[in-house]
Each structure stands twice: as structure tokens, then as C-alpha cells.
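What follows is a single structure, written as C-alpha cells, with notes after it.
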Amino acid sequence: MPTRQRVRQVLEHRLAQRAIIAVIVINAITIGCETSTYLMDRAGGVLHAIDRIALGVFIAELGARLYAYGRAFWSDPWNWFDAIIVGLALIPASGPASVLRALRILRALRLVSAVPSMRRVVGALLTAVPGMASIIGLLVLMIYIAAVIATKLFGDIVPERFDALPRSLFTLFQIMTGDDWGNVAQEVMEQKPWAWIFFIAYILISTFVALNLFIAVVVNAMNDAEPSPAETRAQRDIEALKEDLAAMNAKLDQLLSHTAQVRVNGRSHAD
């Protein structure tokens, strides 16, 4: 067996994948612990040592994958993702680049590429981007229209919230998230009691319609990406049928070869 194939089998083994996941989790925990002055005073050397060991493991694993897959390594976007994450960790964390030391926590994102279920979720989100873009555009349009209306109607009453378009946009975005919208509405309703109509209509349209549509697109994409149990069973049946057909074809080839050999032997004896 070629060396590259052996390395590939080792990398694809379940134990090797679980070991990498464990290193990623441990490294993420140690980087979080480095934010504590108490822990750094008592175990800073150990935390730094674990961080360097984890980085060495990531580099070795990435190099092994590059050797095992060759040029095919760069055809997988997830390999590019891992290479960029590890590459950021190799940038010297001194001088102007010292701020990049905080980006070491991005190594935790390697869980996305290491865990197949997370990869499916991210793939589903990327698939839903076109639909989400349309809904986001609709939501932005509604917020903009509502902000213009609110600035005209309530700018003189509550200037600290609606005196200009940018401030109105921020206030309406805050209301859309459900943050303190009741107090905002009460401030306006003290001067204009009918203002509740505007706020309730805006909340119904922006939150209960647009955001739910946004969630529906994402959920639909995830359902499409995640096969159902029936589809999984059907796929297993198809794979089993393919294996049976391959075995039958192999036996048929052997039988035809044996029959041809018998005919050749019979003709030679007749001659």
C-alpha cells in the first residue's frame, strides 16, 4: 500500500478525527483561560505550553493532509479554511501584529470543519444565502420607510430618538429586536396617543413577518441538507444493491471466462 494512502487512512480514522477535535476543544479552553489574570499568574507557563503543543499538532495534521491528498487538498474549501486559520496563528504576535494574538481563538472554528454535522449546517446556511438576501433587502426597505415616517411624525416630540434619519433607523432596529420598545412607545404616546398604531404595525410587519420568513428560509435549507431517516435507509439499500450487483457481475465474469476456457480446451483436444 502506498505511503500516501496509509497516511490518508490514518487521518480519516475515527480515533484520529476525535483526537483532533479534543485538541481543538482543549486549545480553545486554554486560550480562554489566558484571559484570566489569576490563572496566568499561577499557570501561565503551562497554558502557553499547551497552546504551543496544540499549534504543533495543527501544523503536523495540516501537513499530513497536504501530503496525503496532494493537489486535491486545495480543491476542498474546508482545507482552505483550515489552512487560513492555522496560518493566522503563525503570524508573529509582537509589535504591530500583537493584536493578531487575540485571533488565536479562531482555531476553535476548526470544529466546524472537523465535525461533519457542523459542516452540513454551514453548508445549509450558505445555500440559504440567496433567499436570505431577498428577505434582508425587504426588511431593510421596511425599516427605511418606517424610519422616514417616524422622523416626520415623532422627531419634534422625542428628538433623542427620532430627530434624524440615522437615529430613527437605530431606534427602529432596537424596537425590531424587542429591546425596550414599550418605553419608546410610551414616550411618544404621551404626546400622540394614537402612536400605538404605528408601533404595533411596525412590530407585526418587521418581527413577526420578515424575521419569521428569514428563519423559515434557513430551516428549509437545513431540512434540505439533512437527509431524512427514510432517505438514509433508501441510500443504504441502494448501496447494498450496488454491492450485490458488483458481486454478481464478478461471478458472471468468472463464469464467462471459465466457459471460454473450456471451449478453447475442447477445440484443442478436437484438433
Side-chain angles (χ1 to χ4, degrees), residues 25 28-29 31-39 81 85 88 99-109 111-112 115 117-226 228:
V25 173
I29 294 174
I31 293 175
C33 292
E34 290 180 10
T35 61
S36 171
T37 305
Y38 176 83
L39 293 176
F81 177 81
I85 293 298
L88 287 175
V99 68
L100 296 177
R101 184 173 177 83
L103 298 181
R104 292 179 304 150
I105 192 58
L106 292 179
R107 297 180 207 166
L109 290 175
L111 280 176
V112 177
V115 180
S117 59
M118 289 188 180
R119 289 202 302 266
R120 286 195 295 269
V121 171
V122 174
L125 290 176
L126 294 176
T127 303
V129 165
M132 289 192 295
S134 301
I135 296 175
I136 290 174
L138 177 62
L139 187 59
V140 169
L141 180 61
M142 289 190 299
I143 294 176
Y144 176 76
I145 293 173
V148 172
I149 295 174
T151 303
K152 295 292 185 180
L153 295 178
F154 313 133
D156 297 335
I157 301 174
V158 190
E160 65 274 12
R161 296 187 184 272
F162 299 104
D163 64 336
L165 183 61
R167 193 181 299 274
S168 296
L169 287 170
F170 179 80
T171 301
L172 291 178
F173 180 82
Q174 175 184 346
I175 292 173
M176 183 186 67
T177 62
D179 178 26
D180 200 32
W181 77 270
N183 290 332
V184 176
Q186 287 294 338
E187 291 178 14
V188 177
M189 290 171 59
E190 289 178 359
Q191 300 293 329
K192 294 187 177 182
W194 54 266
W196 64 269
I197 300 175
F198 171 83
F199 289 106
I200 291 180
Y202 170 75
I203 292 174
L204 288 175
I205 294 174
S206 63
T207 304
F208 296 108
V209 176
L211 290 183
N212 284 333
L213 283 175
F214 184 88
I215 296 173
V217 170
V218 176
V219 171
N220 185 51
M222 293 184 65
N223 287 335
D224 293 338
E226 186 71 23
S228 64

When you measure from the side chain of Lys192 to the backbone N and O of Ile157, does any donor-acceptor pair fall under 3.5 Å? no
Nearest heavy-atom contact between Met189 and Ala195 is CG-CB, 4.0 Å
Phe162 to Thr171 - nearest heavy-atom pair and separation: CZ-CG2, 3.6 Å
From CD1 (Ile205) to CG (Leu139), nearest 0.5 Å: 11.0 Å
Are Val188 and Phe198 close enough, and set up right, to give a side chain to side chain contact (heavy atoms under 4.5 Å, CB included), and what steps lead you there? CA-CA 11 Å; Val188 177; Phe198 171 83; over 6 Å; no
Is there a side chain to side chain contact (heavy atoms under 4.5 Å, CB included) between Phe173 and Thr177? Walk through the geometry before answering. CA-CA 6 Å; Phe173 180 82; Thr177 62; 4.1 Å; yes
4.5 Å side-chain heavy-atom contact, Val184 and Phe199: yes
Where is the tightest heavy-atom contact between Met142 and Ser206, given as atom of each residue plus distance? CE-CA, 4.4 Å
If you round to the nearest 0.5 Å, how far is CE of Met176 from CH2 of Trp181? 15.0 Å
For Leu169 and Tyr144 the tightest heavy-atom approach is CD2-CA, 4.0 Å
Looking at Leu172, is its backbone amide N or carbonyl O close enough to the side chain of Tyr202 to form a donor-acceptor pair, meaning the two atoms are under 3.5 Å apart? yes
Rounding to 0.5 Å, atoms CG (Asp180) and CD (Gln186) come to a distance of 11.0 Å
As an exercise, state the distance from CD of Glu187 to CG of Asn183, rounded to the nearest 0.5 Å. 6.5 Å
Interatomic spacing from CG in Asp163 to CZ in Phe154 - rounded to 0.5 Å: 14.0 Å
Are the side chain of Thr35 and the backbone N or O of Gly32 linked by a donor-acceptor pair below 3.5 Å? yes
For Asp156, look at atom CG and say whether over 12 heavy atoms of other residues, nucleotides or ligands are found less than 6.0 Å away. no
On a heavy-atom basis, the closest approach of Ala108 and Ala28 is CB-CB, 3.9 Å
